[in-house]
Amino acid sequence: MTEIHEWAYEGTELAWLQERLDRPGDGTGHTVSELVPRGFEAYLRIFHRFEASDGSGRRRTWQEWAESARGRFHAELSHLSLPPEDHSPGHPLWQTVEGALDDRSRHALTRSLADVTGAQAVYFAYDLAALCWGETEPLILRSSLAELETVRDEVADKVGSSGPEFWWPQDRSWVVTSDYDLLSTYVGCPAATAERLLGDHELEVLPVTPQTRVDWYSDRPQHA
């Protein structure tokens, strides 16, 4: 007999955020508003960088890969639309991670947000990851932005190396979402913060809107 687990947010620090998220629509894909609450001045997509599988430390951006075959780099670009990999000898596989920014991008994002966040508390939440790993409720930690890596280490044995899925400061002036199943992270924030992030050369980032598609078939409507 299948056991149905009721996942409740009431009484948790995630309640306000979940209440402001849009619910999935008519089956034609998923949008930013299902990941980041409406009401922010600006929304961004941060692409998780690809890393070579040969251990060389080489990285590749989505823009480089898309434009290598004269493709278009855009806000709804799906990894499924990137040109096929070259599997000939001497060419590595290019890998990225679902549900977590690559280290370089995560550190850059943290640095930029620190300048606008100050010393206020920051919440780090694990939602779907916690459910998939057998937790009985969302994992939510209150710390500081500077302690993000410590938080990730503390929960690694409970939810693995993904996430946090949601993080936001005490004043809720911005929200970062790294969905457990996606290869990009989405941010809602003030316009001035968005400009700061768009100008950070350590981030591969594009503006989006609450209606921007985020799913694997975002730019492949025939497969939606």
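When reading the values below, keep in mind they use all heavy atoms of this one structure, side chains included, and skip hydrogens, waters and symmetry mates.
In this structure, the side chains of Pro164 and Arg152 come closer than 4.5 Å at one or more pairs of heavy atoms. Two residues are said to be in side-chain contact when any heavy atoms from C-beta on lie closer than 4.5 Å; Phe166 and Val176 fail this criterion. By the 4.5 Å heavy-atom criterion applied to side chains, Val214 and Leu35 are counted as neighbours.
The heavy-atom pair separating Leu14 from Ile140 by the smallest distance is N-CD1, 3.8 Å. Closest approach of Pro207 to Ala75, counting heavy atoms only: O-CB, 3.6 Å. Across every non-hydrogen atom of His48 and Ser184, the tightest pair is NE2-C, 3.3 Å. Pairing each heavy atom of Ala42 with each of Pro190, the nearest pair is CB-O, 4.3 Å. When all heavy atoms of Leu203 and Leu109 are compared, the pair lying nearest together is CD2-N, 4.0 Å. The two atoms that bring Pro138 and Ala130 nearest to each other are CA-CB, 4.4 Å, heavy atoms only.
The side chain to side chain donor-acceptor pair (under 3.5 Å) search around Thr212 returns Thr209, not counting sequence neighbours. When the side-chain contact (heavy atoms from CB on, under 4.5 Å) test is applied to Leu141, the partners found at least two apart in sequence or on another chain are Val151, Glu154, Val155. Residues passing the salt bridge (Lys or Arg N to Asp or Glu O under 4.0 Å) test with Arg104, sequence neighbours excluded: Glu202. Applying the salt bridge (Lys or Arg N to Asp or Glu O under 4.0 Å) test to Asp103 and every residue at least two apart in sequence or in another chain returns Arg106. Every side-chain contact (heavy atoms from CB on, under 4.5 Å) that Glu19 has, sequence neighbours left out, goes to Ala15. Evaluation of the salt bridge (Lys or Arg N to Asp or Glu O under 4.0 Å) rule for Arg38 yields Asp22 as partners, not counting sequence neighbours. Partners of Arg23 by side-chain contact (heavy atoms from CB on, under 4.5 Å), not counting sequence neighbours, listed by chain and number: Gln18, Leu21. Contacts of Arg20 classified as side-chain contact (heavy atoms from CB on, under 4.5 Å), with partners at least two apart in sequence or in another chain: Trp16, Pro37. With sequence neighbours left out, Thr117 forms a side chain to side chain donor-acceptor pair (under 3.5 Å) with Trp174. With sequence neighbours excluded, no residue satisfies salt bridge (Lys or Arg N to Asp or Glu O under 4.0 Å) with Asp181.
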*Dump the intermediate steps for side-chain contact (heavy atoms from CB on, under 4.5 Å) on Phe50 and Trp65, then the final yes or no.*
CA-CA 9 Å; Phe50 295 95; Trp65 197 342; 3.7 Å; yes
*Please assess Glu204 against Phe73 for the test side-chain contact (heavy atoms from CB on, under 4.5 Å), listing each intermediate value before the final yes or no.*
CA-CA 11 Å; Glu204 185 173 28; Phe73 177 59; 3.5 Å; yes
*side-chain contact (heavy atoms from CB on, under 4.5 Å) between Val122 and Trp168: does it pass, once the steps are laid out?*
CA-CA 6 Å; Val122 174; Trp168 67 92; over 6 Å; no
*List the steps, then state whether side chain to side chain donor-acceptor pair (under 3.5 Å) holds for Tyr9 with Asp127.*
CA-CA 10 Å; Tyr9 299 104; Asp127 187 12; 2.8 Å; yes
_Candidate pair Phe40 and Val187, rule side-chain contact (heavy atoms from CB on, under 4.5 Å), full reasoning_ = CA-CA 9 Å; Phe40 289 103; Val187 182; over 6 Å; no
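Tested against Val36 for a side-chain contact (heavy atoms from CB on, under 4.5 Å), the candidates Thr31, Asp179, Thr177 yield a single pass: Thr177.
A tilted orientation is assigned to the rings of Trp62 and Phe47, their planes being inclined by 30° to 60°. Aromatic ring orientation, Trp167 versus Phe124: tilted (interplanar angle from 30° to 60°).
Formation of a donor-acceptor pair under 3.5 Å by the Ser105 side chain with backbone atoms of Asp102 is not found in this model. Formation of a donor-acceptor pair under 3.5 Å by the Glu41 side chain with backbone atoms of Ala191 is found in this model. Remark: side-chain polar atoms of Asp215 are not paired, donor with acceptor, to backbone N or O of Gly29 under 3.5 angstrom. The closest donor-acceptor contact from the side chain of Gln120 to the backbone of Pro169 lies at 3.5 Å or more, if one exists at all. For the pair Glu147 (side chain) and Ser144 (backbone), a donor-acceptor distance under 3.5 Å is absent. Under the 3.5 Å distance criterion, the side-chain polar atoms of Glu165 are left unmatched by any main-chain donor or acceptor of Gly99.
Around the CD atom of Glu10, the shell of radius 6.0 Å holds no more than 12 heavy atoms that belong to other residues, nucleotides or ligands.
With 3.5 Å as the limit, one finds no donor-acceptor pair spanning the side chains of Asp153 and Thr150.
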Only distances under 3.5 Å count here; give the side-chain donor-acceptor pairs of residues 156-163 to other protein atoms, sequence neighbours excluded, each with its distance to 0.1 Å.
none

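Here side-chain hydrogen bond (donor to acceptor under 3.5 Å, both in side chains) pairs that include residues 191-201, with residues two or more places apart or in two chains, are Ser112-Asp200, Asp115-Arg196.
Atom NE2 of His30 is separated from atom CG of Leu182 by 9.0 Å, given to the nearest 0.5 angstrom. Note that CD1 of Ile46 is 6.0 Å distant from CG of Leu197, once rounded to the nearest 0.5 Å. Here the NE2 atom belonging to His107 is positioned 7.5 Å from the CG atom belonging to Leu148, to the nearest 0.5 angstrom.
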